[in-house]
Amino acid sequence: MANAPTKPTTPVKNESSSASGAFATLTIPICIAVAVLIYMFILGDGSHYKGGDPENDVNPGDYFGIIHKGGVIVPIIMSYLLMVIVFSIERAIVIGKASGTGNVDVFVKKIQSFLNAGNIDAASAECDKQKGSVANVIKSGLKKYREMEAEPNLDVDQKTLAIQKDIEEATALEMPMLEQNLTIIATLVSIGTLTGLLGTVIGMIKAFGALAASGAPNQSALSNSISEALINTALGIGTSAISIVMYNLFTSKIDKLTYAIDETGFSIVQTFAASHKNSK
């Protein structure tokens, strides 16, 4: 008895994966460089300080100067924030393309209606209109559906299994493209806060060290030093909060696409099994 073919009809997305990896490799150092330049030439500009000297106190209410006083940890956290923004935009574009040109829920309902009517050609044509990852997987399953109809050496159960495997393998090829670079955003969730706390601890050590060296307590100077140190925590928490929101947003979108694929794939398999159950 012949074995069910398992070769998927969807091509491997090597080019997309390579492009996404190259994007990440270039983006990280660029974000770090941009953050350092902003810290040095925009936040550290003399106009934010009394007398135009960054060694002096910050002008009242000048937040750029206040952030600059946070110290050398500030550009590191700023680079994290830039990475979150850039990778979020990149993921939004990729996931948007993966969703296709129309509403995914409407597309799934159309495919199911065509399957119920036995109109496989119309369902395949709808995939061509929709495009995107969901449509690619479904079209792969429909193509295998046609192949199995013309396959004389397998029984219905084997043909059904072949269609199911093809859909699963096509899904496995599409999903990594959607999830790529999400690990970077997830990592920034943790290190954003931790780096901010590190900057605060370093600032507090310097503040109390200067206080001990002066010999006379200066409440105003101590308050300013503590305020400057806490800038790092504020930036770190803010960066982590944005990272959490974006990560959860993208994972929910990917879950929605995965559910749409699973739902439609199940319909394809069930339709084939029901329409060919008497042809064993």
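Predicted model, so just to flag it, every value in this text is computed and none were measured.
- At a threshold of 4.5 Å between non-hydrogen side-chain atoms, the residues Asn56 and Asp53 count as touching.
- Side chain of Lys159 to backbone of Met148: a donor-acceptor contact under 3.5 angstrom is found.
- Contact annotation: the side chain of Phe87 approaches that of Ile28 to within less than 4.5 Å [non-hydrogen atoms, C-beta and beyond].
- Side-chain contact check for Thr258 versus Leu178: every heavy-atom pair is 4.5 Å or farther apart.
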Dump the intermediate steps for side-chain contact (heavy atoms from CB on, under 4.5 Å) on Ser47 and Phe64, then the final yes or no. CA-CA 10 Å; Ser47 62; Phe64 280 12; over 6 Å; no
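- Between Phe23 atom CZ and Gln180 atom CD the span is 11.0 Å, to the nearest 0.5 Å.
- Here Glu168 does not pair with Lys165 in a salt bridge; the nearest charged N to carboxylate O distance is not below 4.0 Å.
- For the pair Asp62 (side chain) and Val58 (backbone), a donor-acceptor distance under 3.5 Å is absent.
- For the pair Val34 and Met78, the minimum side-chain heavy-atom distance is 4.5 Å or more.
- No continuous path of ILVMFWY side-chain contacts below 4.5 Å connects Ile167 to Phe266, so the two sit in separate hydrophobic clusters.
- Put simply, the side chain of Ser275 never gets that close to the backbone of Gly118: no donor and acceptor are under 3.5 Å apart.
- Expressed to the nearest 0.5 Å, how far CG of Asn59 lies from NZ of Lys50 amounts to 7.5 Å.
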Take Ile254 and Leu182 through the side-chain contact (heavy atoms from CB on, under 4.5 Å) test and state the conclusion after the steps. CA-CA 11 Å; Ile254 293 173; Leu182 277 183; 3.5 Å; yes
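- Between the Asn232 side chain and the Gly70 main chain, a donor and an acceptor come within less than 3.5 Å of each other.
- Residues Leu188 and Ser243 come closest through the heavy atom pair CB-OG, 3.8 Å.
- Distance CD1/Ile138 to OG/Ser133: 11.0 Å, rounded to 0.5 Å.
- Across all their heavy atoms, Val72 and Tyr39 have their closest contact at N-OH, 4.0 Å.
- Proximity of Lys256 to Asp105: side-chain heavy atoms (C-beta onward) are separated by under 4.5 Å at one or more points.
- A continuous path of Ile, Leu, Val, Met, Phe, Trp and Tyr side chains, each step under 4.5 Å between heavy atoms, connects Ile42 with Ile77, placing both in one hydrophobic cluster.
- Residue Ser88 comes nearest to Ile185 through the heavy atom pair OG-CD1, 4.1 Å, listed as atom of the first residue, atom of the second, then distance.
- The main-chain N or O of Tyr247 is never found under 3.5 Å from a side-chain atom of Arg91 such that the two would form a donor-acceptor pair.
- Rounding to the nearest 0.5 angstrom, the gap separating the CD atom in Glu126 from the OG atom in Ser113 is 8.5 Å.
- Taking every heavy atom of both residues into account, Pro54 and Gly44 meet most closely at CG-O, 3.8 Å.
- Both Tyr63 and Ile38 are members of a single hydrophobic cluster when ILVMFWY side chains are connected at heavy-atom separations under 4.5 Å.
- A donor-acceptor pair under 3.5 Å is formed between the side chain of Gln130 and the backbone N or O of Ser99.
- A donor-acceptor pair is defined here as one N or O able to donate and one able to accept, closer than 3.5 Å; such a pair exists between the side chain of Thr200 and the backbone of Ala229.
- Val106 and Ile95 sit in two unconnected hydrophobic clusters of ILVMFWY residues. Membership requires side-chain heavy atoms under 4.5 Å apart, directly or through other members.
- Between the CD1 atom in Ile231 and the CD1 atom in Ile226 there is a gap of 13.0 Å [rounded to 0.5 Å].
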I'd like to know whether Arg146 forms a salt bridge (charged side-chain N to carboxylate O under 4.0 Å, His left out) with Asp121, so could you lay out the CA-CA distance, the side-chain angles of the two residues, the decisive distance to 0.1 Å, and finally the verdict. CA-CA 9 Å; Arg146 284 300 191 197; Asp121 292 334; 3.2 Å; yes
Does the pair Ile111 and Cys127 meet the rule for a side-chain contact (heavy atoms from CB on, under 4.5 Å), with working shown? CA-CA 8 Å; Ile111 295 297; Cys127 291; 4.1 Å; yes
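- Side-chain polar atoms of Tyr49 and His68 form a donor-acceptor pair below 3.5 angstrom.
- Distance check, rounded to the nearest 0.5 Å: CG of Leu235 to CD1 of Ile67 gives 5.5 Å.
- In this structure, the side chain of Thr264 does not engage the main chain of Ile261 through any donor-acceptor pair within 3.5 Å.
- In terms of heavy-atom proximity, Val108 sits nearest to Ala260 at CG2-CB, 3.7 Å.
- The main-chain N or O of Gln158 is found under 3.5 Å from a side-chain atom of Asp155 such that the two form a donor-acceptor pair.
- In terms of modelled atom types and a separation under 3.5 Å, the side chain of Ser79 and the main chain of Ile32 share no donor-acceptor contact.
- Side-chain contact between Leu257 and Lys253 is absent, with no heavy-atom pair separated by less than 4.5 Å.
- Hydrophobic clustering of Ile, Leu, Val, Met, Phe, Trp and Tyr side chains at less than 4.5 Å, counting indirect connections, keeps Ile237 apart from Val245.
- Minimum heavy-atom separation, Lys144 to Ala162: CG-O, 4.0 Å.
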Show your reasoning for whether side-chain contact (heavy atoms from CB on, under 4.5 Å) applies to Asp45 and His48. CA-CA 6 Å; Asp45 187 81; His48 304 306; 3.9 Å; yes
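- Between the side chains of Ser140 and Asp166, at least one donor N or O sits under 3.5 Å from an acceptor N or O.
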